[in-house]
Enquirer: 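Just passing along the structure, written as structure tokens.
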Amino acid sequence: MLPQISRRPLLAGLVAAGTGVRAAASTTSQNIKSIDLTDKENLSLIFRKLGYSMDSRLGFWHLSAIRSGLVGTKFTPFWEMHIGRFFTTRDLPDGTYEVTQMGLTYYTDLNTGEFLRRFQNPLTGKTVEIDYGVPKPRQYAPPEPSTAQYELIDARGSEPAGARRPGLSGVGGLGPAWIQGDNIWIQQDHLLEYPSPGRPGAQAHVNDLTTYFGSLTEVADPAAKMPRAGHAFTDVNDWPTWMQMGDQPGAYYSRGVGFKAFSFGEMPAKWKTLALQEHPRIAKDPLKALQAG
Amino acid sequence: MIAGGLGRRGLLQGALATTASMALIDPRPADARTHPLDPANSGDIALIYRKLAFSMSDEPGYWWLKGRRYGLVDAELTPLWDMHIGIFFKTRNVSDAGQFDVTSVSISFYTDIDNGEFITNVKNPFTGKMVAVNYFPPKAETVRFDNAGRMDSGAGPGGLVSSGTIGPAWIEGDQVWVQGDHILRRDASTGVSRIRVNDMTTYFGGKRDVADKSVKSAPAGQTFSDINTWPSWLEMGAQPGSYYSRVFGHKVASYERMPQRFRQLMLSQHPNIANDPPKFLEG
């Protein structure tokens, strides 16, 4: 079952509570600071406006991060990650909305800045081919808000049937969110597990932990359909199979920060160069690439 | 290429250096009003870090942080409590080569996730035991920084080995952000428990503010997370897992701009400090 997020509260909830949308348009953060952040409908709206958009136009996110190996509590930096993703949202007739998005990720050498196709793994000494995967558009319905405890979600519902990884399950959701002054931020997490392709009988884990942040004034403004926002991202995963880690204990860890962009031109120069070099068809027309899915 | 060489060889290149020393060693065109910001230059990284995280002046500054503490066991996060943190700081130039001291105090309060009440005891959801929260007494500490980060790296009191780094930094459009990390390690030995503290902070702000020489303390935010061994007071025993947190916050210019809830807790728990935070930094 897809998580259900009613669109009605998106129109009547957070910004308009008791005042109506028109009044909310001139509302400042000073008099809406009493927003109920335990209200799941409010969390849904905050997440959609910070993470995506209330309309259907094309939006972008960039993320600059460092990938490391975390063994015990020692970090070994591997490479820099240049991540760009682009998205559209679409309101559905049942009141929910779906997101269509695609990501292009590139790794570069920490010292030279060169694009990496192979990597000499410092933990094993082996040189391995990097598996970037094949970029393709994915549609998903955002997870349900979760205010106090992580709730079990049907993670399979976040992927189209053909893309589901067999045995995938997990927990996650939206929230909590906080407001301080004009700052507003919300967590969105996915904690997934699936049968390890490299270790028969074992489970592999993916923990994606994201905090989106932005301006309360913009999130509360009905006229601001796609507010400016930033995000901080961390993941703590099992090693990917292609790294050929064998029995090496530890975790595949990354950490980065990035910002929402409103056009391809606003994305980081390095990412644009790599996207045009490696995926020119997608880079030259991201919207068409999303629609091709 | 990101900021690589954070080694001390970059020390003399520091953008924190005085105008005179900059003119001698920095081949870049001088600009009276702005700093050149190159995220591959260790001196510039240090400047970005100092202006975002602290200040170029000796005026006291304040950070508020809010977030949540979790237990992370088998890739499952168990929320434990909310955290309300305040950091008061002031900086002092030490050398023309960019060394500076930061005197700071960090004060934390934990509140119940459901009712927001200040907690002094907590029921550990992993063990079922009620334990007393160990709030460390506030203490002002001074740490010296250079272009490579904290200069107190190495063996310290209690067998703890400290390692602090700054960078890499990124600049995209008018956004600039920089990482500043601090790691504490102690291996287990007879009568001594193993300790791992990984404090990972990313500071962000506006490039124009950081580059503008007239802006001494750039408006800034930070995201912070840590992955640590369990604190002894949680009485976790042999429970595997990590003590994990995620917080977000902003720098403000005055104590009065700190969150109301934090100031309430300060008045109830540390009234002497709350009444004159800058004085507490003086020691």
Side-chain angles (χ1 to χ4, degrees), chain A residues 38 62 64-66 70 72-75 77 80 108-114 146-150 170-172 176 178-183 185 187 189 191-193 203-207 209 211 213 230-234 236-238 251 253 255-259 261 266-271, chain B residues 1-5 39-40 64-68 70 72 74-79 82 113-114 125 168-175 177-179 181 183-185 194-198 200 202-204 221-225 227-229 242 244 246-250 252 257-262:
Chain A
T38 64
H62 64 77
S64 300
I66 303 290
L70 173 60
T73 49
K74 182 180 179 185
F75 291 92
E80 182 175 11
T108 58
D109 185 280
L110 287 168
N111 294 314
T112 67
E114 294 294 314
S146 172
T147 53
Q149 298 286 328
Y150 282 86
V171 296
W178 287 272
I179 291 171
Q180 179 61 46
D182 192 47
N183 297 288
W185 65 104
Q187 296 181 183
D189 299 340
L191 303 135
L192 307 175
E193 65 177 19
Q203 289 291 98
H205 298 89
V206 172
N207 301 296
L209 311 168
T211 302
F213 54 88
H231 64 171
F233 175 82
T234 296
V236 186
N237 308 332
D238 287 318
Y253 173 88
R255 161 187 170 208
V257 165
F259 292 85
E266 288 184 9
M267 294 290 280
K270 183 70 173 181
W271 181 84
Chain B
M1 171 179 162
I2 64 160
W64 60 258
L65 300 164
K66 283 185 177 180
R68 187 159 288 185
Y70 302 85
L72 175 59
D74 290 336
E76 184 172 352
L77 290 170
T78 299
D82 283 340
I113 289 170
D114 294 324
W170 291 267
I171 298 173
E172 295 296 344
D174 189 48
Q175 305 283 354
W177 62 104
V178 63
Q179 294 182 359
D181 297 347
I183 295 171
L184 286 172
R185 307 180 63 187
R194 175 178 175 271
I195 291 177
R196 294 287 188 275
V197 174
N198 297 286
M200 295 168 286
T202 303
Y203 300 94
F204 59 88
Q222 69 164 278
T223 66
F224 169 91
S225 71
I227 302 177
N228 308 333
T229 43
S242 300
Y244 174 77
R246 289 157 79 182
V247 302
F248 178 90
H250 268 265
V252 292
R257 294 181 64 189
M258 296 288 278
Q260 185 180 32
R261 179 64 171 143
F262 176 81

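Residue numbers begin at 1 in each chain, while the letters A, B, ... track the order of the sequences.
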Enquirer: So how far is it from R68(B) CZ to T211(A) OG1, rounded to the nearest 0.5 Å?
Expert: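 The OG1 atom of T211(A) is 11.5 Å from CZ of R68(B), to the nearest 0.5 Å.
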Enquirer: Between W177(B) and V257(A), what is the shortest heavy-atom contact and its length?
Expert: CZ2-O, 3.2 Å
Enquirer: What distance do N207(A) atom CG and Y244(B) atom OH have between them, rounded to the nearest 0.5 Å?
Expert: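 Here the interatomic distance stands at 9.0 Å.
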Enquirer: Rounded to the nearest 0.5 Å, what's the gap from OG1 on T38(A) to CD1 on I113(B)? Could you check?
Expert: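 Separation between the atoms: 13.0 Å.
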Enquirer: Sort F262(B) into side chain, backbone, both or neither according to what part of it lies under 4.5 angstrom from a heavy atom of chain A.
Expert: neither
Enquirer: Name the region of A269(A), side chain, backbone, both or neither, that has any atom closer than 4.5 Å to a heavy atom of chain B.
Expert: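 It is the backbone, since no side chain atom gets that close.
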Enquirer: Looking at every non-hydrogen atom in both residues, tell me the closest pair between A65(A) and W170(B) and how far apart they are.
Expert: N-CZ2, 4.3 Å
Enquirer: Checking T223(B) against chain A: side chain, backbone, both or neither under 4.5 Å from a heavy atom?
Expert: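 The side chain, not the backbone.
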Enquirer: Given heavy-atom pairs under 4.5 angstrom as the criterion, report whether the side chain, backbone, both or neither of Y253(A) touches chain B.
Expert: side chain
Enquirer: Are the side chains of K66(B) and N183(A) in contact, using a 4.5 Å heavy-atom criterion?
Expert: no
Enquirer: Does a donor on one side chain and an acceptor on the other come within less than 3.5 Å for E172(B) and W271(A)?
Expert: no
Enquirer: Just so I understand: if I count every heavy-atom pair under 4.5 Å between each of R255(A), E266(A), H62(A) and chain B, which residue has the most?
Expert: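 So the answer, after comparing R255(A), E266(A), H62(A), is R255(A).
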Enquirer: For a quick test of reading the model, state the closest non-hydrogen atom pair linking R246(B) to L209(A) and the distance between them.
Expert: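 Scanning both residues, the minimum pair turns out to be NH2-C, 3.7 Å.
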Enquirer: State, with a plain yes or no, whether a side-chain heavy atom of F248(B) is found less than 4.5 Å away from one of W178(A).
Expert: no
